[in-house]
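Here's the structure we're looking at; comments come further down.
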Amino acid sequence: MDTPQSPVAPIGPEIARDGAGALRPLLLAEPSALPLSPGPSDYDLNPDLKRAVPHELVPSAVLIPIVRRADPTVLFTRRTETLARHAGQVSFPGGRLETDDASLVFTALRETQEETGIDPALVTVAGFLDPYETGTGFAILPVIGVLEEGFGLSPNVKEVAEIFEVPLAFLLDPANCKRETTEWRGSERAFYAFHYKQHHIWGATAAIIVSLRDRLRA
């Protein structure tokens with residue numbers, strides 16, 4: 001279990017009232033150049049886990065869509081079971097930087113629209129978290145976006161099995177964050193996890209939530 005910490009100051013009303021303005025002072029500026037220089041990583045909880053070979057991380061981005069409701073929520077996708085990578089796992093919408101993408105923000109919004117059908121015009125970018133390094137060789141820029149109510153969903157059935165929301169307050173409560181282990185590449189690997197109703201949110205997605213929680217606390 002994650003070590004209990006001091007309670008997080010409630011920010012739900014601020015986001016509901018002020019939207020991006022409630023978040024912007026707390027978050028970082030967008031990185032101005034590539035390659036990304038990750039801060040947190042899969043290796044934080046697994047210091048003995050060695051990188052197989054030196055490599056240049058693949059730049060990518062995800063959108064953390066905070067839905068501006070009376071009690072704000074965070075929107076997630078669950079990947080289909082037929083995908084080659086991370087099949088069936090819960091994730092934020094996003095993907096790797098493509099050649100034609102103007103920026104990683106563009107990547108996050110493009111992927112979100114392709115996966116969920118959400119119009120980028122309904123998303124206000126509020127800030128960024130430190131890039132996150134995965135054990136599979138990606139450097140992920142988490143983009144914080146405030147999503148206005150009234151959005152429509154048109155999930156890409158080849159990639160997305162389900163779209164659902166989790167209360168932001170639930171994710172920011174340290175009591176709901178667990179530390180679990182599994183076997184990966186022949187060794188035990190630790191990771192953060194959240195259990196909300198039938199959903200198991202773990203791995204890099206859960207670690208990014210922890211980064212968001214820590215940034216808002218700071």
Side-chain angles (χ1 to χ4, degrees), residues 1-2 36 38 40-46 49 51-52 57-67 73-98 104 107-118 129-145 147 153-168 170-173 176-213:
M1 179 181 295
D2 196 12
L36 294 173
S41 75
D42 282 348
Y43 303 97
D44 292 344
L45 297 182
N46 303 276
L49 184 64
R51 294 169 174 83
L57 299 174
V58 178
S60 58
V62 297
L63 182 71
I64 305 178
I66 299 178
V67 185
T73 62
V74 178
L75 183 142
F76 295 89
T77 65
R78 183 170 60 81
R79 298 164 66 86
T80 62
E81 300 289 346
T82 56
L83 291 174
R85 288 177 176 270
H86 309 296
Q89 292 185 13
V90 172
S91 64
F92 294 115
R96 68 174 66 200
L97 177 73
E98 300 293 347
L104 284 167
T107 300
L109 295 175
R110 172 183 58 76
E111 289 281 351
T112 297
Q113 185 170 33
E114 291 175 1
E115 293 178 19
T116 68
I118 292 174
L129 299 178
D130 290 310
Y132 185 91
E133 179 182 358
T134 72
T136 52
F138 287 83
I140 304 172
L141 177 66
V143 180
I144 312 297
L147 177 59
L153 293 175
S154 181
N156 181 341
V157 296
K158 293 182 179 180
E159 298 184 27
V160 176
E162 182 181 4
I163 301 172
F164 63 95
E165 297 177 31
V166 177
L168 178 61
F170 175 90
L171 298 171
L172 297 183
D173 186 346
N176 296 323
C177 180
K178 313 301 179 183
R179 190 175 295 184
E180 302 178 355
T181 60
T182 190
E183 184 173 323
W184 187 63
R185 294 181 178 176
S187 61
E188 187 176 81
R189 173 187 170 186
F191 54 88
Y192 292 115
F194 296 82
H195 293 267
Y196 180 74
K197 297 183 177 180
Q198 74 272 28
H199 302 294
H200 185 210
I201 305 168
W202 65 285
T205 301
I208 290 172
I209 296 169
V210 171
S211 293
L212 174 64
R213 183 192 73 194

For Phe191 against Thr182, the heavy-atom pair lying closest together: CE2-CG2, 3.5 Å
Distance (rounded to the nearest 0.5 Å) between Ile209 CD1 and Leu168 CG: 9.5 Å
Atom of Glu115, atom of Val160 and distance for their closest heavy-atom approach: O-CG2, 3.5 Å
Main-chain N/O of Thr205 paired to Tyr192 side chain as donor or acceptor, under 3.5 Å: no
Worked check of side-chain contact (heavy atoms from CB on, under 4.5 Å) between Leu212 and Leu171: CA-CA 9 Å; Leu212 174 64; Leu171 298 171; over 6 Å; no
Parallel, tilted or perpendicular, as decided by the 30° and 60° cut-offs, for the rings of Phe92 and Phe76: parallel
Shortest non-hydrogen contact between Gly95 and Thr107, atoms and distance: O-CG2, 3.5 Å
Test item: Asp44 side-chain N/O and Ser41 main-chain N/O as donor-acceptor pair under 3.5 Å: yes
Any donor-acceptor pair under 3.5 Å from Asn46 side chain to Ala190 backbone: yes
Within-4.5 Å side-chain heavy-atom neighbours: Gln198 and Arg78: no
Ring centres under 6.0 angstrom apart (His199, Phe164): yes
Minimum heavy-atom distance Arg213-Cys177, with the two atoms named: NH1-CB, 3.8 Å
Rounded distance (nearest 0.5 Å) linking atom CZ of Phe194 with atom CG of Asp173: 9.0 Å
Non-hydrogen atoms of Leu36 and Ser60 that approach each other most closely: CD1-O, 4.2 Å
Shortest non-hydrogen separation from Leu104 to Ala61 and the atoms involved: O-CB, 3.3 Å
Close side-chain approach of Glu114 to Glu159, heavy-atom, < 4.5 Å: no
Thr80 side chain vs Lys158 backbone, donor-acceptor pair below 3.5 Å: yes
Validation row: Val62, Ser91 side chains within 4.5 angstrom (heavy atoms): no
CD1 on Ile201 to NZ on Lys178, rounded to 0.5 Å: 13.5 Å
Leu147: which of Ile66, Thr112, Ile118 passes side chain to side chain contact (heavy atoms under 4.5 Å, CB included): Ile118
